[in-house]
Amino acid sequence: MPAAKNPGSNHQRLMSPLALLVISSVVITTLVVLFPRKDSFYSEQSDALSMTYLRAILQFWPDDHEARLHLARQLNTLGRTSEALTTIEPDITLPGPQGKQTRLLALDLRLGQLHALREGDSRR
């Protein structure tokens, strides 16, 4: 396909506007597929990919309260309650609804640990 000439100019176009639109659409679609929204990793499923992603979020944004809660819930689902408690520890003293959510989760995690102890255990 020959390149179109602009009237009054000796320059040629590298590609038509339609080709530019198609290429842009392909690039945008590829980026959306490769980099999904953060919310998609906030499911209650505990898989290695979502846990790794949540940990990466917390490394770059340590104040991301939602990521911290989701990671703790996923760790608890896998039976790693102590690690879940350590994960939410920085948010326990937060004021307002964020701190309240964290304290309720911490209470739930500790009660789960208590119920997991055997009847004759001295820690119970």
Side-chain angles (χ1 to χ4, degrees):
M1 161 167 50
K5 287 189 174 186
N6 289 333
S9 174
N10 289 337
H11 300 294
Q12 293 183 338
R13 287 188 190 163
L14 293 176
M15 65 178 69
S16 70
L18 180 60
L20 183 60
L21 180 65
V22 169
I23 291 171
S24 298
S25 297
V26 169
V27 168
I28 289 171
T29 302
T30 302
L31 289 174
V32 167
V33 169
L34 290 176
F35 301 104
R37 293 181 339 180
K38 184 168 71 169
D39 296 344
S40 64
F41 291 97
Y42 284 176
S43 69
E44 294 304 318
Q45 285 181 265
S46 300
D47 61 6
L49 178 63
S50 61
M51 290 181 62
T52 302
Y53 185 79
L54 289 169
R55 286 186 175 156
I57 287 173
L58 289 173
Q59 277 186 330
F60 290 103
W61 296 287
D63 295 333
D64 190 333
H65 173 72
E66 291 298 317
R68 191 174 302 283
L69 286 177
H70 284 287
L71 178 59
R73 288 184 184 115
Q74 288 187 1
L75 288 167
N76 185 47
T77 301
L78 295 174
R80 295 159 60 182
T81 309
S82 296
E83 192 175 345
L85 282 165
T86 303
T87 299
I88 62 172
E89 190 176 322
D91 289 354
I92 287 179
T93 58
L94 287 176
Q98 292 177 334
K100 183 178 179 180
Q101 277 183 317
T102 306
R103 289 186 292 278
L104 285 172
L105 179 58
L107 178 63
D108 187 43
L109 294 172
R110 289 185 181 118
L111 283 173
Q113 283 180 324
L114 179 65
H115 289 296
L117 295 175
R118 297 181 186 241
E119 192 64 38
D121 195 322
S122 61
R123 295 176 290 171
R124 191 167 186 178

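Side chains included, hydrogens not; waters and symmetry mates left out as well; all remaining heavy atoms used.
- Between the CG atom in D63 and the CG atom in L58 there is a gap of 9.5 Å [rounded to 0.5 Å].
- Here the shortest heavy-atom pairing between A84 and L109 reads CB-CD1, 3.9 Å.
- Residues meeting the side-chain hydrogen bond (donor to acceptor under 3.5 Å, both in side chains) test with N76, sequence neighbours left out: T81.
- A pairwise comparison of heavy atoms in T102 and I88 identifies CG2-O, 3.5 Å as the closest pair.
- For the pair D91/Q98, no side-chain contact is recorded, criterion being any heavy-atom separation below 4.5 Å from C-beta on.
- The backbone N or O of T87 sits less than 3.5 Å from a side-chain atom of R68, completing a donor-acceptor pair.
- Between T93 and P90, the shortest heavy-atom distance links the atoms OG1-O, 4.2 Å.
- R73 contributes atom CZ, which lies 11.5 Å from atom CG of L54 (distance to the nearest 0.5 angstrom).
- Atom-to-atom distance recorded for Q74:CD and L69:CG is 11.5 Å, nearest 0.5 angstrom.
- To the nearest 0.5 Å, atom OG1 of residue T52 and atom CD1 of residue I57 are 11.0 Å apart.
- Residues satisfying the salt bridge (Lys or Arg N to Asp or Glu O under 4.0 Å) test with R80, not counting sequence neighbours, are E83.
- Nearest heavy-atom pair, R103 versus L94, reported as atom, atom and distance to 0.1 Å: NH1-O, 3.1 Å.
- Hydrophobic clustering (ILVMFWY, side-chain heavy atoms < 4.5 Å, transitive): Y53 and F60 are in one cluster.
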